[in-house]
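Remarks on the structure that follows.
As a basis for the values below, the full set of heavy atoms in this structure was taken, side chains included, without hydrogen atoms, waters or symmetry mates.
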Amino acid sequence: RIIMRRVEMGGTKMSNFAGNLRRTPKEMACSGPIGKPICAREALHNLQYEFNSQLELRHIKTGEHFKFIDQDHYEEVADAVANYIQESMVKEYGMQMINLPLEEDLADLNEKRKEGKVKIDQQLQCPIFHSSKIQAADVVLILLCGSGRVVSGQWARSLCINDSLKAGSVFPFLDWAKEKSFGVVVLNPNKNAVETEQGLQRIPYNDSSEAHVAYTWDAFCKNLPAKHFIMVAHSYGGVSTCRLLKHHGAEVLKRLRCVAFTDSAHSGFSVEDLSREAKHFLAQHCINWASSPLGLDTVLEYPLCDLSRKITPGLESEQMNTSPFTCCKNADMNLLHARKNKFLIGDIKINRRHSNQIFKRKRITDWLGATSSICKVLSAGTTVHEETTMSAFPSISKFLIESLQQATSMVSDQVQERDQENKSSNKGS
């Protein structure tokens with residue numbers, strides 16, 4: 001199949017065989033110039049820009065929005081903005097930065113290399129960020145951006161520069177998590193290589209988005225004492241999440257309670273080899289907020305596993321009013337609809353003016369993009385791919401809380417059942 005890519009100054013949308021994505025060396029090495037002596041705010045001031053109280057980028061003298069001069073200038077500003085975001089995560093939000101791979105893993109890797117080979121440079125690492133009190137957190141939120149030039153802390157470069165950091169960065173999620181006393185881990189999946197004196201070199205264990213996510217879980221997240229993990233994954237982050245479930249599913253699903261995808265690029269190839277448990281998790285505990293012209297939370301598609309039977313006549317009204325966060329649990333929940341009867345999906349007759357037509361279970365709109373029926377799909381309330389995460393933020397935060405409440409209730413019920421079984425066995429003995 002043809003690969004579809006759309007890059008808009010820092011956001012990438014893909015569909016179909018996303019694994020064939022080709023990235024430039026500059027994209028692979030993108031991370032923002034973290035670690036340089038000059039601070040981010042000073043770098044922005046040197047470029048005559050600063051962020052105002054509304055987190056909007058403005059020219060220092062004129063107060064105007066960013067004006068594009070040429071690509072080199074844009075990249076310089078984009079790097080300064082990326083630096084500003086990551087510096088703010090440390091200074092304003094008290095987050096800590098750690099470099100991956102961990103020092104001990106680099107040492108082990110060098111130890112295993114054959115004699116005569118050049119040892120792996122210690123600078124071949126990428127930074128991730130986590131909240132300072134993450135070891136004491138009962139719930140940990142994992143934030144995973146898409147592919148392209150975006151760095152840890154961003155959803156889209158273009159929004160950070162042309163709109164605001166409220167629209168293009170993870171700051172609203174950090175504020176929300178702090179309010180809920182959740183720990184946070186902000187991943188950095190696009191920092192896959194480092195420019196050295198020997199040229200561009202790949203980072204061990206982090207040479208792709210999928211590898212980065214898997215290594216971060218294995219080396220950091222799984223060792224946290226948190227009982228519950230929740231996750232937000234944008235665009236290609238959905239593919240990396242599915243790969244994580246494929247290779248570490250048995251371990252990850254013990255504590256991962258839900259995933260909020262936003263215009264996720266995961267499609268059939270990402271999920272076809274998943275275990276039955278992983279597919280069930282995606283269908284029952286995940287929602288993909290996709291770009292569409294319809295209102296926020298309009299149901300676009302239900303999980304594939306719930307489309308086995310036709311809609312029960314006479315229940316259309318009840319089914320259309322079902323909460324968008326409620327997972328499909330019976331045959332009466334497989335009606336797929338949109339406002340104003342623009343389309344219906346499934347082997348069912350279309351109401352009103354399309355009442356005599358029958359459509360196969362395929363999406364019949366061009367604007368929906370690269371999403372999969374493996375999980376529930378709702379409208380993000382915007383047609384712009386880069387805007388989907390923050391456009392759906394109110395619904396995502398509600399979904400994450402409801403999923404945690406459901407998981408906590410289930411754990412409590414299981415504990416009570418075990419206690420009753422123990423009491424019964426003690427009486428019997």
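A salt bridge links R41 with E92: the distance from a Lys NZ or Arg NE/NH1/NH2 to an Asp or Glu carboxylate oxygen falls below 4.0 Å. In summary, E75 and R149 engage in a salt bridge, as defined by a charged side-chain N under 4.0 Å from a carboxylate O. Taking a cutoff of 4.0 Å between a charged side-chain nitrogen and a carboxylate oxygen, E251 and K254 do not qualify as a salt bridge.
Checking side-chain atoms of Q96 against main-chain N and O of H130 turns up no donor-acceptor pair under 3.5 Å. With S169 contributing its side chain and F171 its backbone, the two residues share a donor-acceptor pair below 3.5 Å. Within the 3.5 Å criterion, the main-chain N or O of L106 finds no donor-acceptor partner in the side chain of D108. A donor-acceptor pair under 3.5 Å links the side-chain atoms of R255 to the main chain of A226, judged by distance alone. A donor-acceptor pair is defined here as one N or O able to donate and one able to accept, closer than 3.5 Å; such a pair exists between the side chain of N190 and the backbone of V150. A donor-acceptor contact shorter than 3.5 Å links the side chain of S88 to the backbone of Y84. At distances below 3.5 Å, at least one donor-acceptor pair connects side-chain atoms of S152 with backbone N or O atoms of L187. Side-chain atoms of R257 never come within 3.5 Å of backbone atoms of H228 as a donor-acceptor pair (strictly under, hydrogens ignored). Counting only distance, with no hydrogens or angles, the side chain of D207 and the backbone of I203 share no donor-acceptor pair below 3.5 Å. Of the possible polar contacts, one joining the T382 side chain to the V384 backbone as a donor-acceptor pair under 3.5 Å is found.
Between the side chains of N288 and S264, no donor-acceptor pair is found at a separation under 3.5 Å. Residues S240 and H212 have side chains that never bring a donor and an acceptor to within less than 3.5 angstrom of each other. Using modelled atom types and a 3.5 Å distance limit, the side chains of Y205 and D218 yield no donor-acceptor pair. Counted by atom type alone, E210 and Y236 present one or more donor-acceptor pairs between their side chains at under 3.5 Å. There is no side-chain donor-acceptor pair under 3.5 Å between Q406 and E402. S208 and N192 are not linked by any side-chain donor-acceptor pair at a separation below 3.5 angstrom, with hydrogens and angles left out of the test. A side-chain donor-acceptor contact under 3.5 Å links T262 and T389.
Here the side chains of F281 and L245 are in contact, with some heavy-atom distance below 4.5 Å. No side-chain heavy atom of F220 sits under 4.5 Å from any side-chain heavy atom of L102. Residues L141 and F229 are not in side-chain contact: their nearest non-hydrogen atoms beyond the backbone lie 4.5 Å or more apart. The shortest side-chain heavy-atom distance between I98 and P127 does not fall under the 4.5 Å cut-off. Side-chain contact between L378 and L300 is absent, with no heavy-atom pair separated by less than 4.5 Å. Taking the side chain as every heavy atom from C-beta outward, S158 and Y74 approach each other to under 4.5 Å. Residues I142 and C221 have side chains in contact (heavy-atom distance under 4.5 Å, counting atoms from C-beta outward). Inter-residue side-chain proximity for E76 and L47 is flagged as met; some heavy-atom pair is nearer than 4.5 Å.
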Intermediate values then yes/no, side chain to side chain donor-acceptor pair (under 3.5 Å), S235 and D263: CA-CA 5 Å; S235 191; D263 229 10; over 6 Å; no

Report the C-alpha distance between S292 and S379 in whole Å, list the side-chain angles of each, state the deciding distance to 0.1 Å, and finish with yes or no for side chain to side chain donor-acceptor pair (under 3.5 Å). CA-CA 6 Å; S292 92; S379 171; 2.6 Å; yes

Would C145 and Q154 count as a side chain to side chain contact (heavy atoms under 4.5 Å, CB included) if you check the C-alpha gap in whole Å, the side-chain angles of each, and the deciding distance to 0.1 Å? CA-CA 7 Å; C145 63; Q154 291 181 316; over 6 Å; no

Please walk me through it: do F182 and E179 pass side chain to side chain contact (heavy atoms under 4.5 Å, CB included)? CA-CA 8 Å; F182 294 165; E179 179 185 330; over 6 Å; no

Determine, stepwise, if the pair V184 / V140 fulfils side chain to side chain contact (heavy atoms under 4.5 Å, CB included). CA-CA 5 Å; V184 183; V140 171; over 6 Å; no

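A salt bridge (Lys or Arg N to Asp or Glu O under 4.0 Å) with D273 is found for one member of K246, K279, R243 and no other, namely K246.
In this structure, the ring of F393 has its center no less than 6.0 angstrom from the ring center of W155.
Y49 and H73 have tilted rings, their planes meeting at an angle from 30° to 60° on a 0 to 90° scale.
Note that CZ of F129 is 11.0 Å distant from CG of L174, once rounded to the nearest 0.5 Å. Note: S275 OG to H280 NE2 = 11.0 Å, rounded to the nearest 0.5 Å. Taking CG from N188 and SG from C126, the interatomic distance works out to 5.5 Å, rounded to the nearest 0.5 Å. Atom-to-atom distance recorded for I128:CD1 and T216:OG1 is 5.0 Å, nearest 0.5 angstrom. Separating the CH2 atom in W289 from the OG atom in S391 is a distance of 11.5 Å, to the nearest 0.5 Å. In this structure, the separation between NZ on K67 and CG on N162 is 13.0 Å, given to the nearest 0.5 Å.
Taking every heavy atom of both residues into account, G238 and A233 meet most closely at N-CB, 4.1 Å. Across all non-hydrogen atoms, the minimal contact from L159 to G168 is CB-CA, 3.7 Å. Nearest heavy atoms, V81 versus C160: CG1-CB, 3.9 Å.
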Just list the side-chain donor-acceptor pairs under 3.5 Å for residues 50-61, sequence neighbours left out, or say none.
{"residue": "N52", "atom": "OD1", "partner": "Q54", "partner atom": "N", "Å": "2.9"}
{"residue": "N52", "atom": "OD1", "partner": "L55", "partner atom": "N", "Å": "3.1"}
{"residue": "N52", "atom": "OD1", "partner": "E56", "partner atom": "N", "Å": "2.9"}
{"residue": "N52", "atom": "ND2", "partner": "E56", "partner atom": "OE1", "Å": "3.1"}
{"residue": "Q54", "atom": "OE1", "partner": "K166", "partner atom": "NZ", "Å": "3.3"}
{"residue": "E56", "atom": "OE1", "partner": "R58", "partner atom": "NH2", "Å": "3.0"}
{"residue": "R58", "atom": "NE", "partner": "G63", "partner atom": "O", "Å": "3.4"}
{"residue": "R58", "atom": "NH1", "partner": "H65", "partner atom": "ND1", "Å": "2.8"}
{"residue": "R58", "atom": "NH1", "partner": "H65", "partner atom": "NE2", "Å": "3.4"}
{"residue": "R58", "atom": "NH2", "partner": "H65", "partner atom": "NE2", "Å": "3.1"}
{"residue": "H59", "atom": "ND1", "partner": "K61", "partner atom": "N", "Å": "3.2"}
{"residue": "H59", "atom": "ND1", "partner": "T62", "partner atom": "N", "Å": "3.4"}

